Amino acid sequence: MKIPPVKGTRDFYPPDMAVRNGIIDGWKRASIRNGFEEYDGPIFEHLQMYQIKSGDEIVEQLFSLEDRGGRALAIRPEITPTLARMVNQRINSLSRPIKWFSVPRLCRAERPQKGRLREFFQWNIDIIGVDDVLADAEVIFTTVDYLREAGLTAGDIRVKMSSRRLLAAVLRSIGIAEAELDSLYVLLDKKGRLPAETFKELLAERVSDVGTASRIEAFMEASSVSGVRQAIGAAWNDEVAEAINELSQVERLLKEEMGVGEYCQFDPCIVRGLAYYTGVVFEVHDIVGELRAICGGGRYDNLLGDFGGGAIPATGMGMGDCVLEILLAEKGLLDRQISGGGLDYFIVFVPGLKFDGPGDVASTSRGQAVRLTARLRGLGRSADFSYKAAGVGKQLKQASERNARECIIIGDELRRGKLVVKDMSTGEQRLVGMEEFLSQLKP
RNA sequence: GUGAAAGUAGCUCAGUCGGACAGAGCACUGGAUUGUGGUUCCAGGGGUCGCGGGUUCGAAUCCCGUCUUUCACCCCA
């Protein structure tokens, strides 16, 4: 019986694994050099944990299960609730700021499509306990720092940012009731994905007053932070001014202090679907705009409180591997994510060759090859040999396929204690004494 | 969960007005007088034509169902 792979999952054959590891290693390097520490949690949690901040719709997109004690559990669809739980549990003993990162494997029971699968990896970075917008800027900088290292330039991607606080202030100032804000966010978040006409119609359905609706549209079309004042006109007030000021600071930090201004751009259409964002929000998109967002994040000052903790400010980012990989592939950048691989040494023996030197037990060329391989491995080098007693030419071919940097040939020279060491990229060979060769290698 | 398109070898595909043992390239395995690789040449293995049912003398080909993939919608933590 042939059993197919599960819908929306991937098999990682060695070449795929090399790509996956390359991407994840890049995420980890960027995290560490930006001062984040790694954490992780269990792959399943109480189902209830995902119901706190999410509606039924989202709970339906969970892989849930019941344990033998009848507990309702779910495979994690995100790691932020786990993070909130872990931080809350030890909030009194953790030194601030808490700068943590994780690369969890997540599952969501959504219908798979381009850039979205049912099982994936997601890089998460969070800074907890810092109110200052410097933390928001640092989250964005770390994100760009990674993307830049991966080979993406300001010509490939754009960080689009806005602020929930600004949006809320603007909407309130033009007369939107507090209770309507959340549902309006969901609509505004779709602006970029809907045809202009459709968006206009949907907005009119929700906001009956024509003047109010057109003011919202004017705001959504502002192309710079400073342009917001003009766009909203008389709706300007202190609350709006403060939010504007905050966002300007983030822009200035990214541009002047952190030097990544060319990647960043204000975009009032960035809202984020989730209700829990409270301040700066951002997404990274490909410039062409063909793919869904590469990553998204923002400030969520109330979330830890919602999970039973105190009022602790927090800001963070999540980046999945699926869209990123598509973009890197399109830009021809996948190969450069892969580091190393290949063998340090491939040991070639001469079939049928026997040694009976004094002081050494009688052995074959093949036996000596196994012995040398074991010693090299003991010294921390990657080394391998052929299982087949094929000719030297065949073995060298195998060595090429294995991407070996050097080949060592165990031949007649060994009678004089010598090895042939061949550089596989240049083809050059040298004759070296075996003990001399080994003593040069440090463990 | 809704709608549309596709499914032939590991991969990319050809083959279909229904007709003989189902094809190519790449990849893989083996070989080209047993001590020198990446090239080339030769040979070989590998497919219940996604699966199930129906129409027919006969189905990879036509019809229905189903699964999977892709795309769009819902949603996007």
Side-chain angles (χ1 to χ4, degrees), chain A residues 1-11 13 15 45 49-62 74 76-84 104 106-118 120 122 124 185-187 189-190 192-195 198 271-277 281 283 290-298 300 303 316-320 322-323 326 346 348-353 365 386 388-414 419-429:
Chain A
M1 187 177 13
K2 204 168 164 185
I3 298 171
V6 174
K7 180 204 280 256
T9 62
R10 289 171 288 181
D11 293 326
Y13 290 87
E45 293 273 5
M49 195 153 91
Y50 302 111
Q51 296 171 317
I52 292 179
K53 61 167 192 171
S54 327
D56 290 341
E57 184 101 30
I58 278 168
V59 172
E60 277 173 24
Q61 297 190 332
L62 241 45
R76 61 187 180 188
E78 57 172 327
I79 202 171
T80 310
T82 301
L83 171 67
L106 307 177
C107 292
R108 298 175 185 174
E110 296 174 299
R111 191 137 180 183
Q113 53 183 284
K114 191 177 189 184
R116 185 205 271 178
L117 297 170
R118 289 185 159 191
F120 55 97
Q122 189 182 65
N124 283 78
Y185 290 152
V186 176
L187 172 61
D189 185 51
K190 289 177 190 165
R193 299 190 288 266
L194 293 172
T198 315
V271 178
R272 306 289 291 152
L274 273 294
Y276 64 69
Y277 287 108
V281 284
E283 288 177 0
E290 278 176 342
L291 304 173
R292 60 181 70 243
I294 298 157
C295 71
Y300 52 96
L303 193 68
M317 184 282 303
M319 179 186 297
C322 303
V323 177
I326 293 170
F346 193 93
V348 174
F349 58 90
V350 179
L353 184 62
S365 172
S386 175
K388 288 177 293 192
V392 171
K394 266 286 154 56
Q395 291 182 58
L396 285 167
K397 187 172 180 172
Q398 270 187 59
S400 300
E401 284 162 2
R402 297 287 297 278
N403 257 319
R405 277 177 281 286
E406 292 191 304
C407 273
I408 297 172
I409 300 171
I410 311 275
D412 276 320
E413 305 82 358
L414 190 63
L419 299 169
V420 173
V421 179
K422 182 184 178 82
D423 183 309
M424 293 302 279
S425 55
T426 63
E428 283 167 23
Q429 296 188 177

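Bear in mind the structure is a predicted one, so any value in this text is a computation, not a measurement. Chain identifiers are assigned alphabetically (A, B, ...) following the order of the sequence lines, protein sequences preceding nucleic acid strands; residue numbering begins at 1 within each chain.
At a cut-off of 3.5 angstrom, the base of G38(B) holds no donor-acceptor pair with the side chain of S400(A). Scanning atom types as modelled, one donor and one acceptor separated by under 3.5 angstrom connect the side chain of R116(A) and the base of C75(B). Side-chain atoms of R111(A) and base atoms of U69(B) include no donor and acceptor less than 3.5 Å apart. Side-chain N/O atoms of Q395(A) and base N/O atoms of U36(B) include no donor-acceptor pair closer than 3.5 Å.
The phosphate of G30(B) (OP1 or OP2) has no side-chain N or O of K394(A) nearer than 4.0 angstrom. The shortest distance between the side-chain N/O atoms of Q113(A) and the OP1/OP2 oxygens of A72(B) is below 4.0 Å.
Using atom C1' as the reference point in both U8(B) and G15(B), the two lie 9 Å apart (nearest Å).
The pair E110(A)-R116(A) meets the salt-bridge criterion, with a side-chain N (NZ, NE, NH1 or NH2) lying under 4.0 Å from an Asp/Glu carboxylate O. Comment: R272(A) engages E283(A) in a salt bridge, judged by a side-chain N to carboxylate O separation of less than 4.0 angstrom.
Computed from coordinates, the K422(A) NZ to G35(B) C1' distance equals 11 Å when rounded to whole Å.
Comparing D412(A) and T9(A) along RNA chain B, the residue whose closest nucleotide (by nearest heavy atom) sits nearer the 5' end is D412(A). The residue among T80(A) and L117(A) whose nearest nucleotide of RNA chain B is located toward the 5' end is L117(A).
Candidate nucleotides G37(B), C75(B), C71(B) were compared by shortest atom distance to the side chain of K114(A), and C71(B) ranks first. Nearest nucleotide to the side chain of R292(A), out of G35(B), G30(B), C76(B): C76(B).
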